[in-house]
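Written below as structure tokens is the structure these notes are about.
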Amino acid sequence: MVEISAKLPDGNTIKVPEGATVLDVASAIGPRLAAAALAGTVNGSLVDLGTVISDGDEIAIITPKSPEALHIVRHSAAHVMAEAVKDLFPLAKFGIGPAIEDGFYYDFDIDRPFTPEDLESIETRMREIVSEEKTFARGVLDKLEAWDAFEGQPYKRELIEELPEGEVISTYTQGAFTDLCRGPHVPSTGLLGAFKLMKLAGAYWRGDSTRPMLQRIYGTAWLTQKDLDAHLMRLEESEKRDHRKLGKELDLFSFHEEAGAGLPLYHPKGARVLRLLQEWLRAELYRRDYVEVITPHMYKADVWKISGHYENYRDNMYFFEIDEGDGKVNEYGIKPMNCPGHLMIYGNEGRSYRDLPMRMFEFGTVYRHEMSGVVHGLMRARGFTQDDAHIFCTAEQVHDEVVAMLDLVDYVMRQVFGFEYTAEVSTRPEKSIGDEKFWDVATKSLMGACEARGLAYDVNEGDGAFYGPKIDIKLRDAIGRTWQCSTIQVDFNLPERFGLTYRTTENSDAQPYMLHRTILGSMERFFGILIEHYAGALPTWLAPVQAVLIPISDRHLEYAEQTRRELESAGVRAEVYSDNEPMRVKIAKAQQQKVPYMLVLGDKEVESAEVGVRERTQGDIGAMSIEAFARQVLSERP
RNA sequence: GCCGACGUAGCUCAGCUGGUAGAGCAACGCACUCGUAAUGCGUAGGUCAGGGGUUCGAGUCCCCUCGUCGGCUCCA
């Protein structure tokens, strides 16, 4: 018998008979490894355990501990789901079924919509397939054979057609189901215990709204039941933190069918939080030499024609006509962006290099007609307020301005709110304007600014706006979800359209660079993110009510009211729970409202002129003077 | 905009195959006057999202509109 050798990740080699598979290598290393093996790699490429190896190959075994394991398991689960669908809906046509974050999906085209009951029967059938422990068998075809093999499967045939000529096409078969697939897969369906079908959704074939809409089934799959349970727990936790639910419970805002979708109404407590955020940020911006402006909510269509929005952003804008009464009819558009106003202010007078950089900011409320399917609480509203700023500067100043913005981002996101974040730089897309020199200077300035701040960034090649490159900042919240808020964009287009110039030191006119930037993005969306990040328990400085006063009985009401006034005049937001209820009921209500401090007021406190302080997570922290308590609360400001 | 699900009291939800609406919490009233997460009793509260249709009869079945949810798409 001829022996060949395989190299292992630890540097050792192992002898196996010719014709041995990856699984044979695993067995040769040890039976425990063989039992745990899911797939392998040969010379760095992922393969099945059944792959025959050649002499000198570098072999690694993928076990549940390997980072690739989950991906393989999820992809295999997608195939099992497809088999179940094929069993139950023999006429189904198959789209694609990849592994995704936390799970997998598969797109199907069947003659009627799936129902939730279908989902149950598909899942039941999947469990049967798993218990049958079917093997995943790899097959290799050429293009013609593949074409024949997928008769009646137009989506699969479309995929085959696009594969490069001469490429080896592989299929995977388990039971009666064969799928076009690169692989690898786990050796047996028996290894796929921990999965659950999650939801149904429509999805255009290849994400193209002109193509047929398929039905997508999402599932989640994990290596162990314990991991699956933990995932489901995380989902439950996310649901508990949902800002729409908390917004209702904490009486922050509401939506009204008669008012229109995506238009939030802020109640006193919600308005308070938004104003607190604005006041704090405004002070930070003044400190950084920004100037604040206020611009109208609407303009005549002329402005939108100059800016290009009339032509290119029309579908997302609210336009209306008004009869001026003298036979003239004017068309107006409500602003979807604040830039034109800022450009007009810049252009209002002659500017000199001495005026630059000019940092203009506005809490500007904009309205965008988002498509009805995408509005989502505060996260995706049709009316929202941006912490918007435009910096007009010279090419040489771009770098320092961007560094300063990144400083501000770090201060706000990491130091004040405790978000970790990452950066992405997007470069010139195919369809774009402006000469190469502008793009070069701008892109290098953005990257250079990240580097100067030691901020690692990913590059999204060709993903910039048509008018300039950008940096996007992605936050990671308390439960690991990511959000995009801050964005810094260079714009070559608008200064040109509005004819902006400045007088240089050589007494010539030059076009300024313009940077768009938001830190929080949309105030309301950021509010939503904060609600979810803190699970509704906003930090003391942002809490709409910082302290609830809890008189133990009616005879303490007067002291409570007097204390509340003292706290308010010291700058503490306080409220008396004066209802005639036992104190434990009031405490329960205050806890539910996630108020940072509860002040218990009984005979003892009246006598000593103190407040009995209960902190929302620590519980009773003892009595202190009103003044000491106020100091404590005020010290929690950033 | 597209696909699917959903919309019952202020909130959370029940209401089987069509026979004329129910609970808990909240509200209001009365009693209790209380020491760190929910006191008892009582009262009131609904053109079952809106409109149209089928039917002797619609919260329940069908259609349209609005809104919500989950996706897709878009995000000058």
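Computation of the quantities below employed the complete heavy-atom set of this structure, encompassing side-chain atoms and omitting hydrogens, waters and symmetry-equivalent molecules. Chain A is the first sequence line, chain B the second, and so forth, proteins listed ahead of strands; every chain is numbered from 1.
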Regarding [X], tell me which of base, sugar-phosphate or nothing describes its non-hydrogen contacts under 4.0 Å with the strands shown.
{"X": "Q593(A)", "value": "nothing"}
{"X": "D315(A)", "value": "nothing"}
{"X": "R380(A)", "value": "base"}
{"X": "E258(A)", "value": "nothing"}
{"X": "N316(A)", "value": "nothing"}
{"X": "G619(A)", "value": "nothing"}

task: Using a strict 4.0 Å threshold on nitrogen-to-oxygen distance, state whether R244(A) and E532(A) make a salt bridge.
output: no
- prompt: With a 4.0 Å cut-off, would you call K474(A) and E424(A) a salt bridge?
  reply: yes
- prompt: Centres of the F319(A) and Y310(A) rings: under 6.0 Å?
  reply: yes
- prompt: Ring centres of Y218(A) and Y106(A) under 6.0 Å apart?
  reply: no
task: Mind telling me whether Y513(A) and F438(A) have parallel, tilted or perpendicular rings, with 30° and 60° as the class edges?
output: tilted
Whole angstrom is fine here: how far is it from [atom1] in [X] over to [atom2] in [N]?
{"X": "Q215(A)", "N": "C2(B)", "atom1": "CD", "atom2": "C1'", "value": "13 Å"}
{"X": "E581(A)", "N": "A31(B)", "atom1": "CD", "atom2": "C1'", "value": "14 Å"}
{"X": "R584(A)", "N": "G40(B)", "atom1": "CZ", "atom2": "P", "value": "9 Å"}

field: Set of residues satisfying salt bridge (charged side-chain N to carboxylate O under 4.0 Å, His left out) with respect to R382(A), sequence neighbours excluded
entry: none
task: Tell me, please, which residues at least two apart from E610(A) pass salt bridge (charged side-chain N to carboxylate O under 4.0 Å, His left out).
output: none
query: Taking only N and O in the side chain of R614(A), is any of them less than 4.0 Å away from OP1 or OP2 of A37(B)?
result: yes
task: Give, ordered by number, those residues of residues 546-561 of chain A having at least one heavy-atom distance below 4.0 Å to an atom of RNA chain B; if nothing qualifies, reply none.
output: I552(A), S553(A), D554(A), R555(A)
Just the table, please: protein N/O against nucleotides 11-18 of chain B N/O, every pair under 3.5 Å.
from: U12(B); atom 1: OP1; to: K248(A); atom 2: NZ; distance (Å): 3.1

statement: From the list F108(A), W205(A), Y155(A), ring-ring contact (aromatic ring centres under 6.0 Å, His included) with F94(A) holds only for F108(A)
field: Pairwise salt bridge (Lys or Arg N to Asp or Glu O under 4.0 Å) hits with a residue in residues 458-472 of chain A, at least two apart
entry: K470(A)-D472(A)
- line: Encoded 5' to 3' (Watson-Crick or G-U under 3.5 Å; [ ] crossing; | other strand), RNA chain B becomes (((((((..((((.....[..)))).(((((.......))))).....(((((..]....))))))))))))....
